[in-house]
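Scroll down for the structure; my scribbles are underneath it.
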2 protein chains.
Amino acid sequence: MMTNLSTGAERGPSVAVRPQGPARRRSATATRQAISEAARELFADSGFDAVGIRAIAARAGVDAALVIRYFGSKERLFLEVMTVDLPVAAVMDGPLESLGRALVEHVLDLSSSHAGTLAVTSLSALFRASERAPVQQTLRETIERAFAVPLVGRLRGGDAELRAHLIAAQIGGLLTSLHVVRDPVLGRADRASLAARYGAAIQRLIDGED
Amino acid sequence: MMTNLSTGAERGPSVAVRPQGPARRRSATATRQAISEAARELFADSGFDAVGIRAIAARAGVDAALVIRYFGSKERLFLEVMTVDLPVAAVMDGPLESLGRALVEHVLDLSSSHAGTLAVTSLSALFRASERAPVQQTLRETIERAFAVPLVGRLRGGDAELRAHLIAAQIGGLLTSLHVVRDPVLGRADRASLAARYGAAIQRLIDGED
DNA sequence: ATCGGTTTGTCAACAGTGATGACATCGTAT
DNA sequence: ATACGATGTCATCACTGTTGACAAACCGAT
């Protein structure tokens with residue numbers, strides 16, 4: 001009868017068993033999480049518009065109406081699931097005189113870790129969906145949190161805030177050239193000269209001597 | 001025998017707009033152009049996905065099916081209509097030693113001319129639709145044509161091509177921070193210090209001394 | 001053990017989309 | 001005047017995000 005668990009088998013990795021009570025078949029949190037995971041993967045792969053609610057629901061093993069019920073709308077699901085934090089904090093604390101190069105090297109290395117790849121694809125998806133005002137807001141907050149806040153305190157000289165945001169613009173330019181436009185010249189270039197060249201340009205804003 | 005566009009182009013030179021009256025359109029080139037204009041405006045305003053072919057057709061005063069008939073698909077219409085060339089050629093020929101600042105000033109001034117605004121909004125729309133491979137290709141060609149080609153011949157020192165593309169990445173970062181993310185810090189900053197700061201960073205790649 | 005209420009899931013439907021193909025109409029070469 | 005190709009209209013398809021009505025499971029109280 002309903003003690004049968006075979007329904008769960010079709011969804012691959014188990015979806016969080018509730019600690020309390022004997023495996024409930026229906027659990028709001030498990031459903032929410034299944035939808036979240038499915039949406040995160042699909043959105044990161046194909047972007048906002050190319051992924052339908054029915055596809056997300058199918059991957060989560062859930063009815064499409066539940067996706068809306070739990071998250072309100074596809075856009076809110078996207079926002080909740082695609083918030084990303086670039087793991088740059090560690091680099092930001094490094095020595096100031098070589099920070100430009102270190103930042104570029106870190107950005108270049110993102111694609112070689114799983115977490116970094118996820119962050120980059122999510123950021124690309126956010127970027128491409130940025131005609132929506134809330135997405136724009138999320139992007140601004142990401143920039144502020146990842147770049148402006150850690151930098152503005154360390155920069156010496158005038159216009160620290162402006163310089164921090166210009167550095168964010170530079171990193172954003174590198175990221176989009178690499179992963180959005182996929183400039184083949186940057187793809188071919190070797191890590192060392194790329195880090196040296198672009199790192200020097202960023203360093204110019206870090207040093208800030210006029 | 002092929003119903004193609006070339007035939008229509010050479011056969012109706014007197015297409016212009018009828019001064020008045022509901023005179024039947026009955027001219028392929030006029031219809032095509034009406035659709036083009038409507039699509040360009042709407043796409044630049046709201047991006048690819050937010051604009052439907054029925055809205056384009058309505059603005060052009062045309063049946064929606066004609067949009068597909070004339071352009072094959074909404075994506076092909078987008079590609080044909082959103083090809084943009086940044087009017088940067090003049091700046092690129094200026095003196096090398098102040099090219100960084102000149103480039104930034106030019107980018108900042110784009111929004112104050114009608115043609116510049118159109119170019120910027122079109123470029124933003126292209127960026128946001130860049131999950132589609134043909135759009136990515138268009139973006140790459142735009143970068144190549146507007147930045148890489150004019151620059152690579154003038155840059156002295158090693159890695160000229162790489163440096164040209166990195167400069168393109170910097171300008172792209174500035175453009176997207178300004179018009180895609182709409183970073184409020186950049187919006188508030190005054191033109192002079194923005195041009196000085198970011199111009200110096202770009203100049204670092206132009207000079208290229210290692 | 002049975003009620004009542006709340007949570008969770010299912011289903012059909014709606015208005016909208018991009019796209020297609022059948023059909024109607026016009027302009028003109030013969 | 002007729003025939004034919006070029007141009008325009010219409011209905012329709014499969015699909016989308018979203019909604020509301022309904023059903024089934026769960027839980028506490030009696």
Side-chain angles (χ1 to χ4, degrees), chain A residues 1-5 7-8 10-11 15-16 18 20-35 38-39 42-43 46-79 129 132, chain B residues 1-15 18 21-35 38-39 42-43 46-79 81 129 132:
Chain A
M1 236 190 133
M2 69 268 310
T3 65
N4 176 356
L5 297 173
T7 63
E10 60 198 44
R11 262 216 289 288
V15 202
R18 295 261 300 212
Q20 53 163 217
R24 280 180 55 174
R25 223 177 96 247
R26 351 165 99 228
S27 143
T29 65
T31 304
R32 257 190 86 97
Q33 187 174 338
I35 296 173
L42 292 180
F43 280 146
S46 315
F48 179 79
D49 291 286
V51 175
I53 283 197
R54 287 167 178 86
I56 297 171
R59 184 174 188 116
V62 150
D63 188 277
L66 280 188
V67 176
I68 300 296
R69 171 107 93 219
Y70 277 83
F71 291 88
S73 72
K74 185 184 160 189
E75 177 171 318
R76 287 216 282 277
L77 169 61
F78 180 76
L79 283 169
R132 288 151 222 277
Chain B
M1 186 65 65
M2 41 179 62
T3 78
N4 215 347
L5 10 88
S6 55
T7 69
E10 44 206 282
R11 120 186 158 75
S14 67
V15 203
R18 305 285 184 102
R24 303 200 31 78
R25 177 105 48 195
R26 282 292 165 198
S27 150
T29 65
T31 304
R32 258 190 87 95
Q33 186 175 340
I35 296 173
L42 292 180
F43 280 146
S46 316
F48 180 78
D49 291 286
V51 175
I53 60 170
R54 286 169 178 84
I56 297 171
R59 182 170 187 120
V62 149
D63 188 277
L66 280 187
V67 176
I68 301 296
R69 171 109 89 216
Y70 276 82
F71 291 88
S73 73
K74 184 184 159 188
E75 176 172 320
R76 286 217 282 278
L77 170 60
F78 181 76
L79 283 169
V81 136
R132 288 153 223 273

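Below, chain A is the first sequence line, B the second, and so on; all start at residue 1.
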B:R69 CZ to D:dG5 P, in whole Å, measures 15 Å
Output for pair (A:R69 CZ, A:T31 OG1), nearest 0.5 Å, gives 11.0 Å
Heavy-atom pair with the smallest gap, counting every atom of B:I53 and B:A64:
CD1-O, 4.3 Å
Of all the heavy-atom pairs spanning A:V51 and A:K74, show the shortest one and how long it is.
O-NZ, 2.9 Å
Rounding to an integer number of Å, can you tell me how far B:I53 CD1 sits from C:dG16 P?
15 Å
Round to a whole Å and report the spacing from CG of A:L42 to C1' of D:dG17.
16 Å
If you check every side-chain atom of B:K74, which of C:dC11, D:dT7, C:dG18 has the closest atom?
C:dG18
Phosphate OP1/OP2 of C:dT8 contacted by A:T31 side-chain N/O (<4.0 Å):
no
Closest listed nucleotide, where the reference is the side chain of B:A65 and the choices are D:dC10, C:dA19, D:dG20
D:dC10
Would you kindly give the CG-to-P distance between A:L66 and D:dT19, to the nearest whole Å?
14 Å
Rounded to whole Å, please give me the gap between CG in B:D63 and P in C:dG21.
16 Å
Between A:R54 and B:G72, which has a closest nucleotide on DNA chain C that is more 5'?
A:R54
May I have the distance from B:R76 (atom CZ) to C:dG18 (atom P), rounded to whole angstrom?
15 Å
May I ask you to decide if the ring planes of B:F78 and B:F48 are parallel, tilted or perpendicular, using 30° and 60° as cut-offs?
perpendicular
To the nearest angstrom, the CD1-P distance between A:I68 and C:dC14 comes to 18 Å
Interatomic distance where CZ belongs to A:F71 and C1' belongs to C:dT8 [whole Å]:
15 Å
